[in-house]
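Data block below; observations after.
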Amino acid sequence: MVDERNRLSVVDNPAAAPREGAEDDELVRRAVAGDERAWARLYQRHFDRVFRDVAYLVGASAGAEEIVQETFAAALVGLRRYDARSSFVTWLRGIAHNLVRRHWRSQSRRERAYDRLAELSANAPNGPDEDPEQGHLQDRRAEVLRTVLETVPAQLREAFVLSDVQGLGAQEIALRLGISVGNVRVRASRARAVIRTELERLGWLEPGGAA
Amino acid sequence: MSDERDVVLAPWCDALADAVEQEIARWAPVPDLADVLARAREQDPSAVPESWHGEDDDEVVPLSRRRALSQERIDPGLAMFAAALHRSVEGELRERGLAEIPAPTRARRPVRTYAAAALALAAVLVAAFVAVPRIVAERSADDRVTPSAARTVKRVTPASSWRIAPPPAVPRTPARVEPAPATPPSPTVAPTIAPARPDRRVELDALARDAESLWRAGDLAGAERVLRRIVATAGKSARAELAYGDLFALARQRRGAAGPVAEWKAYLKRFPRGRFAEDARAGLCKHVGAADDARTCWADYLRHHPSGSHANEARRWSTATPEP
């Protein structure tokens, strides 16, 4: 699954990225000059990619679509300020990440997440030897981890999602978040510690790490 | 990956990744360029050229994909309410011989705006039961004052009628977000919030009033010019659609029965399932030159409107023997 996800990221395809970046810059130039088709092409080219990124952070939902639409609207408004020092798609993702953070702040879901976790912990398996139906267990794990993530500080959360869930490299994450590679590693590591502690507290992990 | 994978958390991460991938596949987001343009115009009207209206959107997403998606993407919490309301309003409008409201499509707004959307739908219902009779009466009076062949076109309703009971504004994201700088964005810097610009809707309403005034004053070319400004800037919004309705009538008034051909084509490209789509398709089919083209056109009409008011004529054409 990780391979499939990465396959979809052109940034991870060194052969395709420079060519696409040059095409993007040309399309931006034409869009700034008033060519609607050029902007439509940029939108077409990057819509799914930005949606995928946002969906990993907030879930595939109307909220994610709202963020993506706002991302492209903000990009269009600020298109003249894009100076190609980073790639267009990195610039777009920067806008999207800012909007995701604002979305997280507006949600204020932490209290509800704790309530939900209390419910989920009541249904935690008794231990690693328990063998519930595998598909059901996968669903529960996804639900629990998603809810735990809502209690994790935003900076740690995004680093963890991008690295451990979406499977991106540290260099790519650093570019997207505008931080150093070392900082990415620190944040992801701290996030893992917080998440493991929470899963242990809830009874989903045994102290020491067995699932 | 930023570091060695945490082997304990790996199954959890994979489970979440699989769940997200399934959600993405299920959700299958639908690009909507016109919506992006409208949002950008709300943030900064000068950022989007007036000639841009998102029609290239049709090139972005295959129509077949959009059709399929529109049937399954209505928020389940709102779907029943919306469907019941839609049926009720449709019945009222049909009784009064007014245009149909397009079938509801999936909500694009986040969950927090569903309540506002419900209020908007409720306003439409109120309009149908309370305001429409008054509108119809006013329209009759209007027709006596400014008789025109255009006003007799069945089910082409000038936008001015609909503006009497506009739906309440559904708030978009209230603040403007500055795009991230070209250098990688810093997560510690909050997005810049700028005061909202004057609502685009107010401008569009003012343009619609101008068009109506010009039309009443007999300046048909002026009215048409203003209506074209509306359709050029209002994307796929209801205002654009209603302006098209007025343009059809105006073009017929100015240039005769085949006058709106260009407008019908442009309208169908932007609103393939809009409230005037049936009339536009029928109008086009009645004004194509060659018989073969007419057969193809009516077959297309039947495909879209199998029980439409021109269906009998369409069937006659599609079963007619081609000329040798």
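Protein chains get the first letters and strands the later ones, always in sequence-line order, with residue 1 at the start of each.
Within the 4.5 Å cutoff, the side chain of A:Asp48 has no heavy atoms near those of the B:Ile24 side chain.
Summarising the geometry of A:Ala62 relative to B:Trp27, their closest heavy-atom pair is N-CZ2, 3.3 Å, with the distance given to 0.1 Å. Across all their heavy atoms, B:Trp52 and A:Gly34 have their closest contact at NE1-O, 3.0 Å. Of all heavy-atom pairs between A:Arg146 and B:Ala19, the closest is NH2-CB, 4.1 Å. Closest approach of B:Pro11 and A:Gln138 over heavy atoms only: O-OE1, 4.3 Å. Of all the heavy atoms in A:Asp164 and B:Cys13, the pair that sits closest is O-CB, 3.3 Å.
Contacts between A:Phe88 and chain B at a heavy-atom distance below 4.5 Å are absent for every atom of the residue. The part of B:Val48 that comes within reach of chain A is its side chain, from C-beta onward, which places non-hydrogen atoms under 4.5 angstrom from that chain. With a 4.5 Å cut-off on non-hydrogen atoms, A:Ile67 does not touch chain B at all.
Rounded to the nearest 0.5 Å, atoms CG (A:Leu205) and CH2 (B:Trp12) are 5.5 Å apart. How far CD of A:Glu70 is from CZ of B:Arg39: 4.5 Å, rounded to the nearest 0.5 Å. Atoms CD and CG, from A:Glu65 and B:Asp35 in turn, are 9.5 Å apart once rounded to the nearest 0.5 Å. A distance of 6.0 Å separates CG of B:Leu37 from CD of A:Glu36, quoted to the nearest 0.5 Å. Within the model, atoms CG of B:Asp14 and CG of A:Leu145 stand 10.5 Å from one another, a figure rounded to the nearest 0.5 Å. The distance from the CG atom of B:Leu9 to the CG atom of A:Leu199 is 6.5 Å, given to the nearest 0.5 Å.
With chain B as the partner, the residue from A:Ala55, A:Ala142, A:Ala31 showing the most heavy-atom pairs under 4.5 Å is A:Ala142. Of all the listed residues (B:Ser51, B:Ala47, B:Pro49), the one sharing the greatest number of non-hydrogen pairs under 4.5 Å with chain A is B:Ala47.
Counting non-hydrogen atoms of other residues, nucleotides and ligands closer than 6.0 Å to CZ of A:Arg45 gives a total above 12. Other residues, nucleotides and ligands place no more than 12 heavy atoms under 6.0 Å from the CD atom of A:Gln171.
No hydrogens or angles considered: a donor-acceptor pair under 3.5 Å links the side chains of A:Tyr56 and B:Glu21.
With sequence neighbours excluded, the residues satisfying side-chain contact (heavy atoms from CB on, under 4.5 Å) with B:Ala10 are B:Arg5. With sequence neighbours excluded, the residues that form a ring pair (Phe, Tyr, Trp, His ring centres under 6.0 Å) with A:Phe72 are A:Tyr43.
The closest donor-acceptor contact from the side chain of B:Glu23 to the backbone of A:Ser61 lies at 3.5 Å or more, if one exists at all.
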Could you walk me through whether B:Asp6 and A:Arg196 satisfy the salt bridge (Lys or Arg N to Asp or Glu O under 4.0 Å) test, starting with their C-alpha distance in whole Å, then the side-chain angles of each, then the deciding distance to 0.1 Å, before giving a yes or no? CA-CA 10 Å; B:Asp6 183 320; A:Arg196 284 179 68 148; 3.1 Å; yes

